[in-house]
S.K.: 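Take this structure first; my questions come after.
Excluded from the calculations below are hydrogen atoms, water molecules and symmetry mates; all remaining heavy atoms, backbone and side chain alike, are included. Chain letters run A, B, ... following the sequence lines, proteins first and then strands; every chain starts at 1.
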Amino acid sequence: MTKFREYKGLNLPVIDEGVLSFWQQKEVFKRSIEERSLDNAFVFYEGPPSANGKPGIHHVMARAVKDLFCRYQTMKGKRVERKGGWDTHGLPVELKVENQLGITKDDIGVKISIEEYNKACREAVMKFKELWDDLTRKMGYWADLDHPYITFENNYIESVWNLLKDLHQKGLIYKGYTIQPYSPAAGTGLSSHELNMPGAYKDVSDTSAVAQFEVIRNSDSKHLFEDNAQGGLYIIAWTTTPWTLPSNVGLAVGKKITYAKVATYNPYTTLPVNIILAKDLLAKWFKPQQAEADYDAYDPGDKIIPFKVIGEYKGDQLEGIRYHQLMPYVQPTDGDAFKVILADFVSTSDGTGIVHIAPSFGADDMRVGKQNGLGSLTLVDKQGKFVDSVTDFAGRYVKNYKDESDETYRPVDIDIAIWLKENNKAFNVQKYQHNYPHCWRTDKPILYYPLDSWFIRASSVRDRMVELNNTINWKPSHTGEKRFGNWLENLQDWNLSRSRFWGIPLPIWRTEDGTSEICIGSIEELMREIEKANQELGLTQSVPDDLHKPYIDNVILVSDDGRKMQRESDLIDVWFDSGSMPYAQWHYPMENQEIFDRNFPADFICEGVDQTRGWFYSLHAIGTMVKDSVAFKNVVSTGLVLDKNGVKMSKRLGNVVDPFVTLKTHGADATRWYMMTNAQPWDNLKFDEAGIVEVKRKFFGTLYNTYSFFSLYANLDQFAYEQDQIPLVERPEIDRWIISELNTLIQEVDNQYSLYESTAAGRKIQYFVESHLSNWYVRLCRRRFWKGSYEHDKIAAYQTLYECLLTISKLMAPIAPFFADWLYRNLNEATQQEKHISVHLALMPPVEQQLIDKDLQERMDYAQRISSLILSLRKKEGIRVRQPLQKILLPVLNSEFQSQVEAVSDLIRSEVNIKEIDYIKESSGVIKKRIKPNFKTLGRKLGKDMKVAAQLISNLSQETISDIEKSGTYSLVIGENTYALTLEDFDISADEIPGWQVATDGEITLALDVTITDDLKKEGIARELINRIQNLRKDNGYEVTDRIEVKLLHHDQIQQSLQSYRDYIADEVLANSIDIVDTLDGETTLLLEGIETKINTQKV
RNA sequence: AGUCUCGUAGCUCAGCUGGUUAGAGCACUACACUGAUAAUGUAGGGGUCGGCGGUUCAAGUCCGCCCGAGACUACCA
C-alpha cells in the first residue's frame, strides 16, 4: 500500500525544482494543451518582450497574471495555446548597439556598413534570450518557447507587409508632413524617446518678443475699430522664438477668453497704438501707475507710458479677422494666411493670450493651421538657417549651430527684435528663461521641423475603433473606458515612419516624382515585380534573402509606364510589428489560415498599463482596419512594480530586485501568491520581500502543516481512500460544515477567476485555508484523527480533510502551480482517486450546490463567535481553559437562534471546556434588552424625522420593547406625523444580564458562570495532569502510540482527583498504570496554585 | 499643461448599490494554549478615512475645489 509522502519541513524552492523536472519529463504543458479539444479554444496572445535587456521582477508580475488565467481556462476544459514571441526591432535596440559599438547614427553607413550594423542588432536583440527562457521556466510561466514568433524573421515581415498592403489598398496609407523634433546640428529627426533622455531639457535664456500684428480694416473687423484712439489697431502676440516670425501665417485666440482693447503708446517708437490682448494678462504688461497716467498728456520721453482700456471682446469676436503680414518676405501658396483663428490650447497663463502660429515649427500650430485651412511657410532650411528669400536674414543660423564662440555668434533673434522695434512692430522685447529641449548628441537646441512621413489614416476609422472598444472587457474598466477611450476620441493619424536602420522596411516603392507607387504585400508579389523590372529595365535582380536594409533598398521596381521606382527609405514603427502578431505569428495569410481563424480574436491578453497606447492600441487599430473586428475580448492591464517604499525601481537607485534571487530564495509560488493577493494586478505593487515571507509562513506554511498533519495520521491508520465514500449525512456536523464552506469557496473562486479577479480569488482561498480549514476544522477535529479506532467517524474525518486538501490544490493551481501540483500529487499518489498525473490536467471542481448549507454555515459562525466570547471572558476572569466550568448563560431572542446554537453546542462545549449552555428565554425577564433603529428601512420611511426618531427609539423602555416584540408593530409619533413601524424597523438585542458579567459581539451576548465547584476543580487537576504527562511523553521522545506507566508524588488534591478521573487520564496519556508514591526523584512540577507534585513516566 | 488612477491604523490592504461602534493581516505589548509546535488563541494600544466645501434625515462611500503620490500623453506661444 502506498503511503502519503511525509516531509521534514516546507522548502518551496526544492518543491519548485522537483515539480519542474516532473513537468519536463512528462511534458505536462504539452499534454495540458493536447488533451483539450481543438474546437474549444481559449485564445491568448503573448505580447512580445524584447530580449535585449534582462528581465526584471515586474516581468514576473505580468507573466504571473497571464499564466494564471491561461491555467485557469485550461482547467475549465479549454485548449489554451500560448505561442511565445520576441520583439526584436526598434530604437532601444539600435541605441544599445550604437552604444556598444561606440558609434552614432551618423556613423552608420560610413564607419560601419548597414549590413554589419544590422547584423550586430540581430545578435544583440537575442542576447538575453537564455536568461528570459530560464526565468520563464523558473517562475512556472507556461508558454511555447520552442516555436516563438520572432519579428525579424522573413515570414513575420512578409505577413506585416501583407497587412500594410491591405491598408494601402483601402487608401489608409499616405505620405505627409508632420512636425517632429529635429536636430539641425545632427541633421536628423529625433524620436520622443530621445527627447525624453535625461538632460535633454535645459534651462536657457532666449530673446522673447511681443510682436504687433496690424489689423486690416474691413467689414469683418470694423467693430474692432469703434472707439479707437489715434494710431493703428494691433493684435499682440508673444514668442520665445522670434526666428519663427517670418513664417507666421496666423494668430490663435481662445474662444472663451476675454480680450481687452487698450489705447497706449509703443515704447520703442512712442507712436500711439491700439492693441488687443487678453484682459487677464493686462497686469503682466502694464503697471498700475500707467493706468493712472493721463493718456492725452503723454509726451514722448515720459518714463511712464499711459494706457486705457477702450474695448472688450470675446475670443470668438476676433475669429476671422485679417491682419497685415508681420515680416512680408514670402507668402504661403498652400492655403490661407494672416487671419485670426480659434484654438483650444490657448491659455492666459503667460504671454498675451494670443498665440502666433507658424505651422512649420510647432505641432499644435500645424494641427490648428490645417483645421483652419491655413497654409504654411518653412523659411528655415534643414541646416537651421534662413533661406535666401528672407532677404534681411538670409543664410543666418536661427540658433548657434556652427559652434561659433559666443562672442562671434550674433543671435538672429536679437536682430529680428531690432527689426521689429524699428518698424513699430515690437511691443516688448526681453530675455526669457525657459526650458527647451536639446539634442542629446550635439547638445544644440532642437527645432520643431516639418518632415516627410508615412501615415496610417487611423483617424478615419476613429468612430469604429471607439465602437469596437466598447465591446472589450477591460480590467480595470477605467483603463479602457477612460484612458484608452479618451485617447481614441482624439485619435491622430499614426505616424509609421522611422528613419532608422533596424526594423521592418516600408514596402512601398515610388517613382521619383511620387506619381506612381506600389505597395508590396508578399514575397511572391515582390518576385513578380522584380522580374517585371528586370525585363523592362534590363536588370538581374532577385529577391533578397534578408528583407531588411540594406538589401531591400537595392531593389528597383518599375511603374506601369516604365519608370524606375525606388523604395521609400523609411522603416515602420515597431508598434506596428507587435500589433501584427495575431497574423504574423502564423505567417498568415500565406500559411495557416485555419489556425489563424481559430485564433482570432484573442479571448485574453495582458500587459503593463504602459502598453495602452502601445501594444493594446496597435492590436486594436490593425484589427479594426484590417478585419473590422476587435483583436482581443478581454484585457488586463497590470500596474507597476515599485520598491517597498513606492519608488520606481531603477539601476541608478540600486533598488532593483533580481527576480532570480527572489525565486531562488522564496520559490515561485510564494512570490506569485504574494503578487496576486497583496494588491490588485492593476494597482501598483509596492514590492516588499517581507510580504513574500509572510505569505510563505502564513498561507503555504499553514497549508503545509495541514497536509503534514493529515499525512502523519493517515499513514498511521493506513488511510488511502479505499473505503467507500461515507455519505455526507452520516458525517458529523463539522464535516458537513467544512464541505459546505468548501463548495461555497469553489463557487466564489471560480466566479472570481472567470471575471479576471485573481486577487479576490486568492484572498478567498487563503482565508478558507487559514481560518476555516486549519484554525477551526483541523483544530477541533484533531482528536478524531489520533483518538479511537479506525472506523466510521475517523474515516469520515480523513475523507473530509482529504477532499478539502485536494480541492484546494485545484483552486490554487492557477496562482501557485508548483505547490498545488506537489500537493495534488502527494494526495493522489496514495489514493489514485484521480486519473490525472498533474493538477494542471485536472478540471476545476464543480460546485455541488446541494452541499452548501447556509444555515449550517451560520450556526458554525455562531459557534466560533460564542467560543471566542467565552474565551475572552475566561481571560478576563483569569480562568484557564483547562479548568472546566459549569455553564454559560445565553440569551435567546428567537427560537431559530436557539436551535442553531443547540446544533453546535457540542463543539462549543468542548472547545471552551464548559458543561452546559443555559438558554435564557426573553420571557424569563432576566435579560435587559437594547433597541436600535434600523436606519436602512426607517430612513426611507421617515426622511427628515430620522434624527428625532433615532433618539426616541433608543430611549424606549423595556416594556415597550417587549410590546414591540409581541405585537410586531409600533406607532411612532413625531410632531404632526405618525408612523406605523414594524419589527423589521428595529434592531433588538440582549444588552446585559443583571448580576453577570457579559461579553457581546454583534447580536450575540452571553455570560459565564465562573463558580468552580470541588468536582470541577478535580477535573481541572486531572486535565493539568494530562497536560504535564503529555509534555513528558514528548520530551522523552515517545512515539504517539507507545504505552507508558506513570508515577506521581503524593498530594491530597491529586489523590482526590485520581479517584474520579484515573481511567480518563490513563486513557488520554496511554498509561497502563498510574500510581501515587510517597517519594519520587526528579523535578517538582507546579500543577496549579498550591498544588505541586513530581511526575515520572516509563515506557512499557 | 491635459487625461486617468490612488490617498483608510506604524506597514500592506478590505470596506457591496450612501445607513450610525470603520475592519483584517503584519508589527508591537501582555497573557494563555500545547499529540499541527519555527504552529495557535485572547486581550490591548494605535484612525479628525489627505484637506475644505456641498448634496442628504444620514457621507470613508456621491458632487465640486484644493493638496500629495503615480501613470500616460503633450510639450507650449
S.K.: Among I235(A), N428(A), I236(A), which residue meets the side chain to side chain contact (heavy atoms under 4.5 Å, CB included) test with Q212(A)?
M.R.: I236(A)
S.K.: Just the rounded figure in Å: distance from C1' of rC26(B) to CZ of F699(A).
M.R.: 17 Å
S.K.: Considering heavy-atom distances to RNA chain B, does W786(A) or D688(A) have its closest nucleotide positioned more toward the 5' end?
M.R.: D688(A)
S.K.: Return yes if some donor-acceptor pair links the side-chain N/O of Y1038(A) with the main-chain N/O of I1044(A) below 3.5 Å, else return no.
M.R.: no
S.K.: For Y713(A), report the nucleic acid contact type (base, sugar-phosphate, nothing); a contact means any heavy atom under 4.0 Å.
M.R.: sugar-phosphate
S.K.: By nearest atom, which of the nucleotides rA14(B), rU12(B), rG25(B) is closest to the R763(A) side chain?
M.R.: rA14(B)
S.K.: Side chains of N1036(A) and T1097(A): donor-acceptor distance under 3.5 Å anywhere?
M.R.: yes
S.K.: For I953(A) and rU20(B), what is the distance between atoms CD1 and P respectively, to the nearest whole Å?
M.R.: 15 Å
S.K.: For the side chain of T706(A), starting at C-beta, report the closest nucleotide among rA36(B), rA14(B), rC26(B).
M.R.: rA36(B)
S.K.: What is the pairing partner of rC4(B), taking Watson-Crick or G-U wobble pairs with both distances under 3.5 Å in any strand?
M.R.: rG70(B)
S.K.: Would you check if the distance from the ring center of Y777(A) to the ring center of H772(A) is below 6.0 Å?
M.R.: no
S.K.: Taking the side chain of K932(A) as heavy atoms from C-beta outward, which of rU21(B), rU42(B), rA27(B) is closest to it?
M.R.: rU21(B)
S.K.: The side chain of K936(A) lies closest to which of these nucleotides: rU5(B), rU17(B), rU40(B)?
M.R.: rU17(B)
S.K.: Write down the protein N/O and nucleotide N/O pairs, taken from nucleotides 69-71 of chain B, whose separation is under 3.5 Å; answer none if there are no such pairs.
M.R.:
from    : atom 1 : to      : atom 2 : distance (Å)
rG70(B) : O2'    : N684(A) : ND2    : 3.2
rA71(B) : OP1    : K648(A) : NZ     : 3.4
rA71(B) : O2'    : R483(A) : NH1    : 3.4
rA71(B) : O2'    : R483(A) : NH2    : 3.4
rA71(B) : N3     : R483(A) : NH2    : 3.3

S.K.: Measure CZ/R1023(A) against P/rG35(B) and give the value in whole Å, please.
M.R.: 11 Å
S.K.: The side chain of Y448(A) lies closest to which of these nucleotides: rC76(B), rG35(B), rG25(B)?
M.R.: rC76(B)
S.K.: Knowing that exactly one of R783(A), R1033(A), R1028(A) qualifies, which makes a salt bridge (Lys or Arg N to Asp or Glu O under 4.0 Å) with E1068(A)?
M.R.: R783(A)
S.K.: Considering heavy-atom distances to RNA chain B, does F709(A) or Y674(A) have its closest nucleotide positioned more toward the 5' end?
M.R.: Y674(A)
S.K.: Among rG35(B), rC13(B), rC26(B), find the nucleotide with the atom closest to the side chain of N1031(A).
M.R.: rG35(B)
S.K.: Just compare rA36(B), rU42(B), rG25(B) and give me whichever is closest to any side-chain atom of N705(A).
M.R.: rA36(B)
S.K.: L873(A) has an atom CG; how far is it from atom C1' of rU42(B), in whole Å?
M.R.: 11 Å
S.K.: Check whether the side chains of E770(A) and Q766(A) place a donor and an acceptor atom closer than 3.5 Å, and report yes or no.
M.R.: yes
S.K.: Counting only side-chain N and O atoms of T702(A), is one of them less than 4.0 Å from OP1 or OP2 of rA39(B)?
M.R.: no
S.K.: Quick one: what's the B/S/- string for nucleotides 53-68 of chain B, heavy-atom cutoff under 4.0 Å, read 5' to 3'?
M.R.: ----BS----------
S.K.: Tell me what A690(A) touches on the nucleic acid: a base, only sugar-phosphate, or nothing, going by heavy atoms under 4.0 Å.
M.R.: nothing
S.K.: Would you classify V1069(A) as touching base, sugar-phosphate or nothing, given that sugar-phosphate means primed atoms plus P, OP1 and OP2, and contacts are heavy atoms under 4.0 Å?
M.R.: base
S.K.: Tell me the interatomic distance from W487(A), atom CH2, to rG2(B), atom C1', rounded to whole angstroms.
M.R.: 14 Å
S.K.: When the distance from CD of E911(A) to C1' of rA32(B) is rounded to whole Å, what number comes out?
M.R.: 14 Å
S.K.: Under the ring-ring contact (aromatic ring centres under 6.0 Å, His included) rule, what do H666(A) and Y674(A) come out as? Steps first, then yes or no, please.
M.R.: CA-CA 11 Å; H666(A) 306 289; Y674(A) 163 71; 9.4 Å; no
S.K.: Identify which nucleotide among rA27(B), rG35(B), rC75(B) has an atom closest to any side-chain atom of Q1030(A), counting heavy atoms from C-beta outward.
M.R.: rG35(B)
S.K.: Quick check on contacts: within residues 774-785 of chain A, what sits under 4.0 Å from RNA chain B by heavy-atom distance?
M.R.: S774(A), N775(A), V778(A), R779(A), R782(A)
S.K.: Among I341(A), V249(A), L342(A), find the residue that satisfies the side chain to side chain contact (heavy atoms under 4.5 Å, CB included) test when tested with N372(A).
M.R.: I341(A)
S.K.: Taking the side chain of L871(A) as heavy atoms from C-beta outward, which of rC4(B), rU42(B), rU40(B) is closest to it?
M.R.: rU42(B)
S.K.: Please say which of R940(A), K936(A), K941(A) ends up in a salt bridge (Lys or Arg N to Asp or Glu O under 4.0 Å) with D985(A).
M.R.: K941(A)
S.K.: Under 4.0 angstrom, heavy atoms only, what part of the nucleic acid is S708(A) near: base, sugar-phosphate, or nothing?
M.R.: nothing
S.K.: Please determine, for rC62(B), whether a Watson-Crick or G-U wobble partner exists with both distances under 3.5 Å, and give it or none.
M.R.: rG54(B)
S.K.: Verify the ring-centre separation between F484(A) and F616(A): is it less than 6.0 angstrom?
M.R.: no
S.K.: To the nearest Å, give me how far apart CD (E770(A)) and C1' (rG41(B)) are.
M.R.: 15 Å
S.K.: From rA32(B), rC4(B), rA14(B), pick the nucleotide closest to the side chain of D683(A)?
M.R.: rA14(B)
S.K.: Check the distance between rG35(B)'s C1' and D717(A)'s CG and give it to me in whole angstrom.
M.R.: 14 Å
S.K.: Inspect the contact between E757(A) and R763(A) and indicate whether a charged nitrogen and a carboxylate oxygen are less than 4.0 angstrom apart.
M.R.: no
S.K.: For E1068(A), report the nucleic acid contact type (base, sugar-phosphate, nothing); a contact means any heavy atom under 4.0 Å.
M.R.: base
S.K.: Reckon K686(A) has a side-chain N or O less than 4.0 Å from the OP1 or OP2 of rU12(B)?
M.R.: yes
